[in-house]
Novice: 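Quick one: the structure is below, and I'll ask about it shortly.
Chain identifiers are assigned alphabetically (A, B, ...) following the order of the sequence lines, protein sequences preceding nucleic acid strands; residue numbering begins at 1 within each chain. From a predicted model like this one, the values you see are computed outputs, not experimental measurements.
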Amino acid sequence: MGRVVASVGVRRRDVVVVPGDPAGGFSRARGKGGVTPRRLRRADLLVGDRVARTARRGKQLAVIGESGRMVLVHLGMTGQLSYLAPGSRPAGDAHVHVVWTLKDSRGEEAGRLVFRDPRRFGGVWALPDLAALERRWAALGPDGLTLTGSELARGLAGTRRAVKAALLDQGVVAGVGNIYADEALFLAGIHPLTPGADLDGAAVERLAGAIRRVLREGIEAGGSTLRDYVDGLGRAGTYQTAHRVYGRGGEACVACGGVLESLWVGQRTTVACPTCQPRGGGRRRSAGR
DNA sequence: CTGGTCTCCTGATCGC
DNA sequence: TGCGATCAGGAGACCA
């Protein structure tokens with residue numbers, strides 16, 4: 001906050017999306033299909049701007065300049081946004097895609113912000129104003145960290161989708177990925193394949209509480225480092241050691257000792273305890289009696 | 001409109 | 001030691 005962007009280096013144009021790029025510009029749409037991306041202007045990426053504030057919704061982080069322009073970063077799976085102190089330079093790494101060089105208000109060097117993403121599922125979006133951000137975020141559901149039971153109930157109402165598939169949909173809840181969906185469903189005692197609309201009020205309330213809890217625990221532990229995840233200062237997380245089900249298919253349930261089952265839900269590997277998360281558990285009782 | 005499937009990409013890991 | 005096959009997954013595109 002308060003730092004000025006002195007310059008930016010874009011090593012891969014196709015991780016950056018500006019208005020006018022093809023189709024929302026994600027994944028294969030980026031700079032492909034014979035569409036020539038519009039020329040990137042330095043101001044698009046905040047050069048000359050002072051950082052006014054940052055904001056976050058779900059998995060998206062916005063760095064907002066005093067001009068009103070902003071840069072939105074999504075880390076995908078393998079993305080990292082890290083801060084380098086003045087004097088140190090980013091590695092000559094093929095996966096470093098964007099480097100911002102910062103100055104303080106006196107014009108002294110103030111380090112660099114580096115976006116690195118080996119698998120490039122993440123990206124950087126240049127947005128011209130707050131309205132553009134609001135349009136994007138209007139498509140996101142409530143943030144998982146503060147999710148209430150009634151918000152979740154609204155997101156699950158009427159859907160026949162498996163509750164896990166719904167949790168992974170950022171339009172239902174923003175910020176829940178595969179690890180935390182499995183962990184939350186386990187804590188709530190809900191089978192991942194249960195149709196969303198079948199959950200009764202108590203189950204939805206438990207699930208919302210479990211989502212808040214696993215996200216908070218994950219943040220406190222510095223995240224889950226499965227392979228190479230590190231935070232903005234290069235520190236690995238420890239939450240992977242606290243996983244109750246994720247990545248533990250075939251192992252013993254921490255609650256009942258039974259064997260955890262592996263299954264596929266929404267194209268994602270999923271692990272659940274068939275005893276603690278019974279199919280049909282948490283179900284709304286059918287009307288009539 | 002809803003929900004399911006395909007696809008992008010690279011590094012780690014495994015079997016031979 | 002080398003090498004190909006396999007797996008992992010966020011979310012947009014695409015399709016029934």
Novice: Work out how much the helix from B:dT2-C:dA16 to B:dC16-C:dG2 bends between its end axes, five pairs an end, to the nearest 10 degrees.
Specialist: 50°

Novice: Does A:Val114 sit in a hydrophobic cluster with other residues, and if so which ones, taking ILVMFWY side chains as linked at heavy-atom separations under 4.5 Å, directly or through other members?
Specialist: A:Leu84, A:Val96, A:Val99

Novice: Whole angstroms only, please: what is the CG-P distance between A:Asp169 and B:dC1?
Specialist: 15 Å

Novice: Would one find more than 12 heavy atoms of other residues, nucleotides or ligands at under 6.0 Å from atom CZ of A:Arg42?
Specialist: no

Novice: Using whole Å, report how far CG of A:Leu140 lies from C1' of C:dA11.
Specialist: 11 Å

Novice: Under 3.5 Å, side-chain donor or acceptor atoms of residues 209-216 of chain A against the rest of the protein: list the pairs with distances, not counting sequence neighbours.
Specialist:
unit_1	atom_1	unit_2	atom_2	d
A:Arg212	NH1	A:Leu147	O	2.7
A:Arg213	NE	A:Glu217	OE2	2.9

Novice: Show me the donor-acceptor pairs within less than 3.5 Å that the side chains of residues 251-263 of chain A make with the rest of the protein, sequence neighbours left out.
Specialist:
unit_1	atom_1	unit_2	atom_2	d
A:Glu251	OE1	A:Arg248	NE	3.2
A:Glu251	OE1	A:Arg248	NH2	3.4
A:Glu261	OE2	A:His191	NE2	3.0

Novice: Kindly say whether, by distance alone, the side chain of A:Arg119 makes a donor-acceptor pair under 3.5 Å with the base of C:dA8?
Specialist: yes

Novice: Return the set of residues passing salt bridge (Lys or Arg N to Asp or Glu O under 4.0 Å) with A:Glu66 (not counting sequence neighbours), or none when no residue passes.
Specialist: A:Arg50

Novice: Tell me, please, which residues at least two apart from A:Arg135 pass salt bridge (Lys or Arg N to Asp or Glu O under 4.0 Å).
Specialist: none

Novice: Which residues satisfy the salt bridge (Lys or Arg N to Asp or Glu O under 4.0 Å) test with A:Arg56, sequence neighbours excluded?
Specialist: A:Asp143

Novice: Expressed as a whole number of angstroms, how long is the span from A:Lys164:NZ to C:dA11:P?
Specialist: 14 Å

Novice: What pairs of nitrogen or oxygen atoms, one from the protein and one from nucleotides 2-5 of chain B, lie under 3.5 Å apart?
Specialist:
unit_1	atom_1	unit_2	atom_2	d
B:dG3	OP1	A:Thr159	OG1	2.9
B:dG3	OP1	A:Arg160	N	2.7
B:dG3	OP2	A:Thr159	OG1	3.1

Novice: Could you check how far CG of A:Asp14 sits from C1' of B:dT10, rounded to whole Å?
Specialist: 14 Å

Novice: Measure from CE on A:Met77 to P on C:dA8 and round the result to the nearest Å.
Specialist: 10 Å

Novice: NZ of A:Lys59 versus P of C:dG10: gap in Å, rounded?
Specialist: 5 Å

Novice: Just distance, no hydrogens or angles: give the donor-acceptor pairs under 3.5 Å from side chains in residues 165-174 of chain A, sequence neighbours left out.
Specialist:
unit_1	atom_1	unit_2	atom_2	d
A:Asp169	OD1	A:Gly171	N	2.8
A:Asp169	OD2	A:Arg161	NH1	3.4
A:Asp169	OD2	A:Arg161	NH2	2.9
A:Gln170	OE1	A:Gly175	N	2.8
A:Gln170	NE2	A:Leu168	O	3.2
A:Gln170	NE2	A:Val176	O	3.1

Novice: Would you indicate, yes or no, if C:dG9 has its OP1 or OP2 atom less than 4.0 angstrom from a side-chain nitrogen or oxygen of A:Thr269?
Specialist: yes

Novice: Would you kindly give the CD1-to-P distance between A:Ile179 and C:dA8, to the nearest whole Å?
Specialist: 13 Å

Novice: Which nucleotide in the set B:dC9, C:dA8, C:dA11 lies at the smallest distance from any side-chain heavy atom of A:Tyr246?
Specialist: C:dA8

Novice: Rounded off to whole Å, could you give me the CG-to-P distance for the A:Asn178 and C:dA11 pair?
Specialist: 11 Å

Novice: Does B:dC9 have its OP1 or OP2 closer than 4.0 Å to a side-chain nitrogen or oxygen of A:His95?
Specialist: no

